[in-house]
Novice: 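To start, I am sharing the structure in question, which I have written as structure tokens.
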Amino acid sequence: MSCGARLQCDAGVVNILVVEDDPVIAAAVRDGLEAEGYTVTHTADGLSAVELGGTGAFAAIVLDVMLPSLNGFAVCARLRALGVDTPMLMLTARDEELDEARGLDTGADDYLTKPFSLVVLMAHLRALIRRSTRAVAGSDQQDVLRAGDLWLDVQGRTCGRGDERIEVTGQEFAVLEVLMREPGRVLSKETILGEAWDIAYRGGTSIVEVYISLLRRKIDHPYGTRSIVTVRGHGYRLDDSHA
């Protein structure tokens, strides 16, 4: 199921949790989202964000990093530890790769650096919601992709090795799906970016390296495998013989 231009799904208006302690930014984001058809719940502190986010009642969470009581990194980590898989878009005033990597590593699906435009915020949210709710299109699409004991359930949006399920974020899932649909083929960072990210994304290809590293920590390193191979100067490929 994909959301329409006014961000409505079959079940009704999309509910978004906005966690932002700056009243000016919070008001601007709320007004912009509501003008586009969202229903918005706002909170200004980390502890209440965990309580609200833990209900699973939201299609996405817009999460500021600098918050009272708990910062955004801690909020994200706690929600993921609770099993909450709601897509999270992290907002940060810091434009540093370490902060970006930390946010992604705690379970965020995407990030925006302040200042940002509402147009860009909407585009990122549409991509996250679409990715988390879409059904598999076309009869030629496999429901479960396999490479050795590594599997990816496209319909159920889950993955694992053998009988063990591996928790991944929505964006990690998208990158892994691109690789697993064409095992053995070398895919450039540009190709992966084009297939796994929304067309509105304006960041560089270095984000692909970040997610490849995150995936390796989850699907390879704990199992002593090397299924995602770097082909220097060309990109990455899924080596199903070592999966």
Side-chain angles (χ1 to χ4, degrees), residues 1-80 82 84-96 99-100 102-104 106-134 169-171 174 197-203 207:
M1 173 177 63
S2 61
C3 295
R6 289 189 59 78
L7 306 172
Q8 302 227 350
C9 294
D10 292 344
V13 177
V14 178
N15 299 303
I16 303 296
L17 174 62
V18 175
V19 188
E20 171 63 67
D21 67 328
D22 185 312
V24 175
I25 295 177
V29 171
R30 177 195 286 271
D31 291 347
L33 295 179
E34 290 180 343
E36 289 295 319
Y38 284 107
T39 295
V40 179
T41 298
H42 170 251
T43 184
D45 73 275
L47 286 174
S48 63
V50 173
E51 182 177 354
L52 288 165
T55 65
F58 302 96
I61 299 173
V62 178
L63 177 63
D64 188 29
V65 169
M66 303 303 292
L67 296 169
S69 68
L70 283 178
N71 65 32
F73 300 127
V75 171
C76 185
R78 288 198 185 187
L79 288 174
R80 294 306 188 217
L82 291 171
V84 176
D85 59 2
T86 304
M88 293 191 219
L89 175 61
M90 190 165 282
L91 306 179
T92 175
R94 306 172 182 177
D95 190 11
E96 298 179 13
D99 290 314
E100 172 189 336
R102 183 181 176 189
L104 297 172
T106 56
D109 297 277
D110 199 359
Y111 80 101
L112 278 178
T113 302
K114 298 176 183 177
F116 53 85
S117 72
L118 285 174
V119 172
V120 172
L121 175 66
M122 303 299 178
H124 280 250
L125 278 176
R126 282 196 298 270
L128 289 179
I129 294 169
R130 180 168 60 248
R131 207 169 285 134
S132 67
T133 59
R134 69 185 180 188
T169 67
Q171 192 60 54
W197 272 264
D198 186 82
I199 192 171
Y201 179 72
R202 292 292 181 264
I207 191 69

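Basis for what follows: all heavy atoms, side chains included, without hydrogens, waters or symmetry-related copies. Everything quoted here is computed from the prediction, not taken from an experiment.
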Novice: With a 4.5 Å cut-off on side-chain heavy atoms, are Ile207 and Gln171 touching?
Specialist: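 Gln171 does not reach Ile207 side chain to side chain.
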Novice: Under the criterion side-chain contact (heavy atoms from CB on, under 4.5 Å), which of Ile61, Asp64, Leu89, Val40 is the partner of Val18?
Specialist: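 Passing option: Val40.
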Novice: So how far is it from Thr86 OG1 to Phe58 CZ, rounded to the nearest 0.5 Å?
Specialist: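 So the gap between those two atoms works out to 8.5 Å.
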Novice: Do Thr41 and Leu52 have side-chain heavy atoms sitting under 4.5 Å apart?
Specialist: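 A side-chain contact exists here, since the closest heavy-atom pair is under 4.5 Å.
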Novice: Once you round to the nearest 0.5 Å, how far does CG of Leu125 lie from CG of Leu118?
Specialist: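 So the gap between those two atoms works out to 10.5 Å.
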Novice: Looking at Cys76 and Ala108, what are the two nearest heavy atoms and their distance?
Specialist: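 Distance-wise, the nearest heavy atoms are SG-N, 3.3 Å.
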Novice: Quickly, which of Val75, Asp45, Asp21 forms a side-chain contact (heavy atoms from CB on, under 4.5 Å) with Ser69? Name it, please.
Specialist: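 Among Val75, Asp45, Asp21, the one meeting side-chain contact (heavy atoms from CB on, under 4.5 Å) with Ser69 is Asp45.
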Novice: Taking side chain as C-beta onward, heavy atoms only, is Arg78 less than 4.5 Å from Leu47?
Specialist: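 Counting from C-beta outward, Arg78 and Leu47 do come under 4.5 Å.
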Novice: side-chain contact (heavy atoms from CB on, under 4.5 Å), that's the test. Do Leu79 and Met88 meet it? Break it down for me.
Specialist: CA-CA 10 Å; Leu79 288 174; Met88 293 191 219; 3.6 Å; yes
Novice: Using every non-hydrogen atom in the two residues, find where Ala59 and Pro87 come nearest and quote the distance to one decimal.
Specialist: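 Where Ala59 meets Pro87 most closely, the heavy atoms are O-CD, 3.3 Å.
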Novice: Between Leu112 and Val62, is any pair of side-chain heavy atoms under 4.5 Å apart?
Specialist: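 SC-SC contact between Leu112 and Val62 ruled out.
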Novice: So, for Tyr111 and Thr92, which heavy atoms are closest and what is the spacing to 0.1 Å?
Specialist: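 Heavy atoms only, the tightest pair is CD1-CG2, 4.4 Å.
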Novice: Are Asp109 and Arg80 within salt-bridge range, i.e. N to O under 4.0 Å?
Specialist: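 Salt bridge: yes.
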Novice: Could you check if a side-chain atom of Phe116 sits within less than 4.5 angstrom of a side-chain atom of Leu91, using non-hydrogen atoms only?
Specialist: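 A side-chain contact exists here, since the closest heavy-atom pair is under 4.5 Å.
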Novice: Which heavy atom of Glu20 sits nearest a heavy atom of Ala26, and at what distance?
Specialist: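 In terms of heavy atoms, the two residues are closest at CG-N, 3.8 Å.
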Novice: Please report the shortest heavy-atom distance between Ile129 and Ala60, naming the atom on each side.
Specialist: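 Answer, listing the atom of Ile129 first, then Ala60: CG1-CB, 4.2 Å.
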Novice: Is Arg126 paired with Glu36 through a side-chain N to carboxylate O contact shorter than 4.0 Å?
Specialist: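 No, Glu36 and Arg126 are not salt-bridged.
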Novice: Between Leu63 and Leu67, which heavy-atom pair has the shortest distance, and what is it?
Specialist: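 The answer is CD1-CD1, 3.9 Å.
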Novice: Evaluate the side-chain proximity of Leu33 to Met122: yes if any heavy-atom separation is below 4.5 Å, no if none is.
Specialist: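 Yes, at least one pair of side-chain atoms sits under 4.5 Å.
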